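Computed from a prediction, not measured in an experiment: that's the story for all the values here.
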Amino acid sequence: ASRVGLLVLACLTALAGGTGPARAETVTASATTIVSGQRDPRDGTVRTVVPFLELVSLRASEIQNSLFDDTQIVVSGWGEVVAGSPRDGKSTLGDVDVAYVQGATWDRRVTLRLGRQFVFPGTAANVQLDGLAPTLRVKGGFGLSGFVGVPVTPRFGYTRGQFATGGRAFWSHSYESEVGVSILEILGTGQHVFRRDAGVDGRYRVLDSLALSGLVRWSIPEARMAEADAAVNWRVCRYVDVTGDYRRTAPDLFLPRYSLFAVFAQETRDEVGGFISLRPWPRRLDLQGDFH
């Protein structure tokens, strides 16, 4: 695992131990092993490479302690051992995808999540970071959420910045009906702006058979739209679901503003299409298709 991932795990262990006697009412763990072998022609010689990949996840929930209600710890990661002659000379790899502790307080109006996590709603749009993400819910379905931390650089990806923060104000009528306004800022090397976006998002179930969703993201430094999408989902009957969607993106705005590649990236991309799901034989046969 990466050094940051190991540090996160150490912090979770300290937090769990610091709450005094604790008991997890529910613990769920899984491990998946994938083994594959292949011949790798290299430098005029055929070499054998056999990678062993292990996927591990653990969730401990309903942990009883004196500080928080509904406390849970979630850890997920992977490790790989390569037998034979690996191409890059590395016989071991691994990383931590998720490792956080979460708890609620103040009659569960405040939720705190600390550690490596993904932040989904609004302009955050699936940002992975090591940090803190609090959520406050008040009467009437209104609430505030935020996050602050260091973006995670994927094992085989490019840097996502050096610092990230953001916030979102929302109104939630139900799990399927919520609207929000949000802002995101990510700083890169030398405190240069990696991204600074504001946005509006929402999903709303109009009828039991009809749901709407959409997102508009605005790049503040460039003063133009970075992303906009809208979707309509209609359950025609018990056996048929139909979804129509439209999406516009500005690929250059998803790159660091100081990156040379942002100059050559496409400025706009439009996509329209739909998805259909058919269940002629419920619980035994599903047919799905999409076109864009």
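V242 and V232 fall within the same hydrophobic cluster, defined by Ile, Leu, Val, Met, Phe, Trp and Tyr side-chain heavy atoms under 4.5 Å apart, directly or through other members. With hydrophobic clusters built from ILVMFWY side chains whose heavy atoms lie under 4.5 angstrom apart, Y175 does not share a cluster with V206. A continuous path of hydrophobic side-chain contacts links W281 to V240 [ILVMFWY only; heavy atoms under 4.5 Å]. If you chain together hydrophobic residues whose side chains sit under 4.5 Å apart, V179 and L144 never meet in one group. With hydrophobic clusters built from ILVMFWY side chains whose heavy atoms lie under 4.5 angstrom apart, Y100 shares a cluster with F118.
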Hey, can you pull the donor-acceptor pairs under 3.5 Å for the side chains in residues 207-214, sequence neighbours left out?
none

Show the atom names and distances, to 0.1 Å, of all donor-acceptor pairs under 3.5 Å that link a side chain in residues 28-38 to residues at least two apart or in another chain.
from	atom 1	to	atom 2	distance (Å)
S30	OG	S57	OG	2.6
T33	OG1	E54	OE1	2.5
T33	OG1	E54	OE2	3.2

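For F275 against D290, the heavy-atom pair with the smallest separation is CD1-CB, 3.8 Å. Scanning both residues, L112 and P134, for their nearest heavy atoms gives CD2-CB, 3.5 Å. The two residues L53 and W78 make their nearest non-hydrogen contact at CD1-CE3, 3.9 Å. Nearest heavy atom pair, residue S61 against residue Q72, reads CA-CB, 3.8 Å. When every heavy atom of S85 is checked against every heavy atom of V49, the shortest pair comes out as O-CG2, 3.2 Å. Minimum heavy-atom separation, P221 to V193: CG-CG1, 4.3 Å.
Two residues are said to be in side-chain contact when any heavy atoms from C-beta on lie closer than 4.5 Å; V82 and V50 fail this criterion. Side-chain contact between P282 and Y239 is present, with heavy atoms from C-beta onward closer than 4.5 Å. At least one side-chain heavy atom of F147 sits less than 4.5 Å from a side-chain heavy atom of L129. Residues R108 and D70 have side chains in contact (heavy-atom distance under 4.5 Å, counting atoms from C-beta outward). Side-chain contact between R195 and F254 is present, with at least one heavy-atom pair separated by less than 4.5 Å. Residues I276 and Q288 fail the side-chain proximity criterion, which asks for heavy atoms closer than 4.5 Å. Using a 4.5 Å heavy-atom cutoff, the side chains of P151 and I186 are in contact. No side-chain heavy atom of F68 sits less than 4.5 Å from a side-chain heavy atom of I63.
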Go through it in stages, so that I can follow the logic: the residues are V152 and D130, the test is side-chain contact (heavy atoms from CB on, under 4.5 Å), and I'd like the CA-CA distance, side-chain angles, deciding distance and then a yes or no.
CA-CA 7 Å; V152 175; D130 294 324; 3.9 Å; yes

Please evaluate residues R168 and E178 with respect to the criterion salt bridge (charged side-chain N to carboxylate O under 4.0 Å, His left out), reporting the C-alpha separation (whole Å), side-chain torsions for both, the decisive distance (0.1 Å), and the verdict.
CA-CA 12 Å; R168 179 173 179 262; E178 182 175 300; 2.9 Å; yes

Could you walk me through whether T243 and W234 pass the side-chain contact (heavy atoms from CB on, under 4.5 Å) check?
CA-CA 6 Å; T243 298; W234 178 32; over 6 Å; no

Verify side-chain contact (heavy atoms from CB on, under 4.5 Å) between D229 and D245, making sure each step is shown before the conclusion.
CA-CA 7 Å; D229 65 67; D245 57 61; over 6 Å; no

Could you walk me through whether D241 and L278 pass the side-chain contact (heavy atoms from CB on, under 4.5 Å) check?
CA-CA 7 Å; D241 281 324; L278 306 176; over 6 Å; no

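Of the inter-residue distances, the one linking R248 atom CZ with D270 atom CG reads 4.0 Å to the nearest 0.5 angstrom. One finds the CZ atom of F142 at 13.0 Å from the CZ atom of R137 (value rounded to the nearest 0.5 Å). Taking OG1 of T45 as the reference point, atom CZ of R39 lies at 12.0 Å (rounded to 0.5 Å). The CH2 atom of W171 sits 7.0 Å away from the OG atom of S177 when rounded to the nearest 0.5 Å. Note that CD of Q102 is 11.0 Å distant from CG of L114, once rounded to the nearest 0.5 Å. Separation of atoms CH2 (W218) and CG (L253) is listed at 10.0 Å; rounding is to 0.5 Å.
Proximity of a side-chain donor or acceptor of S172 to a complementary backbone N or O of S174 within less than 3.5 Å is detected. For D107 (side chain) and R109 (main-chain N/O), no donor-acceptor pair under 3.5 Å exists by modelled atom type.
Between E80 and K90 no salt bridge is recorded (no basic side-chain N to carboxylate O distance below 4.0 Å). R116 and D95 are joined by a salt bridge, as a carboxylate oxygen and a charged side-chain nitrogen come within less than 4.0 angstrom of each other. Taking the charged nitrogens against the carboxylate oxygens, D286 and R279 have no contact shorter than 4.0 Å, which rules out a salt bridge.
Other residues, nucleotides and ligands place more than 12 heavy atoms under 6.0 Å from the CZ atom of F120.
For the 3.5 Å distance criterion, the side chains of T123 and D197 fail to qualify, holding no donor opposite an acceptor. Counted by atom type alone, Q128 and R160 present zero donor-acceptor pairs between their side chains at under 3.5 Å.
For E227, the salt bridge (charged side-chain N to carboxylate O under 4.0 Å, His left out) partners at least two apart in sequence or on another chain are R217, R247.
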